[in-house]
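Below: one structure, written as structure tokens.
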Amino acid sequence: MIEKCCAFTGHRPRKFPWGYDEMDARCVALKKSLAEQIVKLVEAGYTDFFSGMAEGVDTWAALAVLALKKENPALKLHCVLPCEGQADRWSASATFLFWSRQTRSCM
């Protein structure tokens, strides 16, 4: 039974002024803020997180949850894919970013 959960969705990289440049200071700041908010949710008792796994905010949030999961194995990331082959249209950099972070399984 899931008592407290959070779902993520947001803009794709092309909608941000920095586009796909994740080294841009604004992107770094956004990802830091997102991670800080997720920490606050965990501290408030949230354990289940849902991501649509689209490029951008969805995957940045998923990666933040997975980073926290290393220290808190009770956390769960649920990947809610809208269709088979969701990542087939991802850019090469997005594919590398996600899969290089040892995320072969969402849970």
Side-chain angles (χ1 to χ4, degrees):
M1 179 178 194
I2 299 173
E3 293 188 22
K4 289 188 173 185
C5 65
C6 175
F8 305 108
T9 190
H11 290 305
R12 309 306 174 252
R14 69 181 177 279
K15 296 285 188 171
F16 289 108
W18 58 82
Y20 286 85
D21 181 8
E22 292 189 38
M23 299 308 291
D24 184 284
R26 297 166 294 181
C27 184
V28 171
L30 174 63
K31 291 194 287 185
K32 180 181 179 198
S33 178
L34 183 59
E36 289 169 352
Q37 294 304 311
I38 294 168
V39 166
K40 288 180 182 179
L41 290 169
V42 170
E43 290 170 350
Y46 287 74
T47 56
D48 289 76
F49 296 87
F50 294 80
S51 174
M53 300 307 295
E55 284 186 289
V57 174
D58 296 31
T59 52
W60 297 334
L63 289 168
V65 170
L66 290 173
L68 291 171
K69 184 174 172 55
K70 290 177 183 176
E71 296 176 20
N72 186 346
L75 300 182
K76 294 180 181 158
L77 174 64
H78 304 273
C79 301
V80 185
L81 303 179
C83 61
E84 189 174 324
Q86 163 73 6
D88 291 351
R89 296 189 322 228
W90 283 4
S91 66
S93 61
T95 302
F96 177 78
L97 169 71
F98 194 74
W99 293 113
S100 68
R101 302 274 174 96
Q102 302 172 17
T103 56
R104 300 286 179 207
S105 169
C106 290
M107 299 275 286

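- The main-chain N or O of Cys79 is never found under 3.5 Å from a side-chain atom of Ser51 such that the two would form a donor-acceptor pair.
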Next on the checklist: Is there a side-chain contact (heavy atoms from CB on, under 4.5 Å) between Phe8 and Phe50? Walk through the geometry before answering.
Outcome noted: CA-CA 6 Å; Phe8 305 108; Phe50 294 80; over 6 Å; no

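- Remark: side-chain polar atoms of Lys69 are paired, donor with acceptor, to backbone N or O of Leu75 under 3.5 angstrom.
- Contact of the Val42 side chain with the Phe49 side chain is registered, since non-hydrogen atoms from C-beta on lie closer than 4.5 Å.
- With sequence neighbours left out, Tyr46 forms a ring-ring contact (aromatic ring centres under 6.0 Å, His included) with no residue at all.
- Shown here for Thr9 and Asp58, the closest heavy-atom pair between the two residues is CA-OD1, 3.2 Å.
- Taken to the nearest 0.5 Å, the CD atom of Gln37 stands 10.0 Å off from the SG atom of Cys6.
- Remark: the backbone N or O of Leu30 is not paired with any side-chain donor or acceptor of Ser33 at under 3.5 angstrom.
- Distance alone, capped at 3.5 Å, places no donor-acceptor pair between the Lys4 side chain and the Asp48 backbone.
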Checklist entry - side-chain contact (heavy atoms from CB on, under 4.5 Å) between Trp18 and Met23: does it pass, once the steps are laid out? => result CA-CA 9 Å; Trp18 58 82; Met23 299 308 291; over 6 Å; no

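- The pair Lys31-Glu22 counts as a salt bridge, with a side-chain nitrogen and a carboxylate oxygen less than 4.0 angstrom apart.
- Rounding to the nearest 0.5 angstrom, the gap separating the NZ atom in Lys76 from the SG atom in Cys5 is 12.0 Å.
- Residue Glu36 places its CD atom among more than 12 non-hydrogen atoms of other residues, nucleotides or ligands, all under 6.0 Å distant.
- Between the OG1 atom of Thr47 and the CG atom of Leu77 there is a distance of 12.0 Å, given to the nearest 0.5 Å.
- Residues Phe16 and Val28 do not share a hydrophobic cluster, defined by chaining ILVMFWY side chains whose heavy atoms lie under 4.5 Å apart.
- By the side-chain contact (heavy atoms from CB on, under 4.5 Å) test, Ala64 is found to be paired with Ala35, Ile38, residues two or more places apart in sequence or in another chain being considered.
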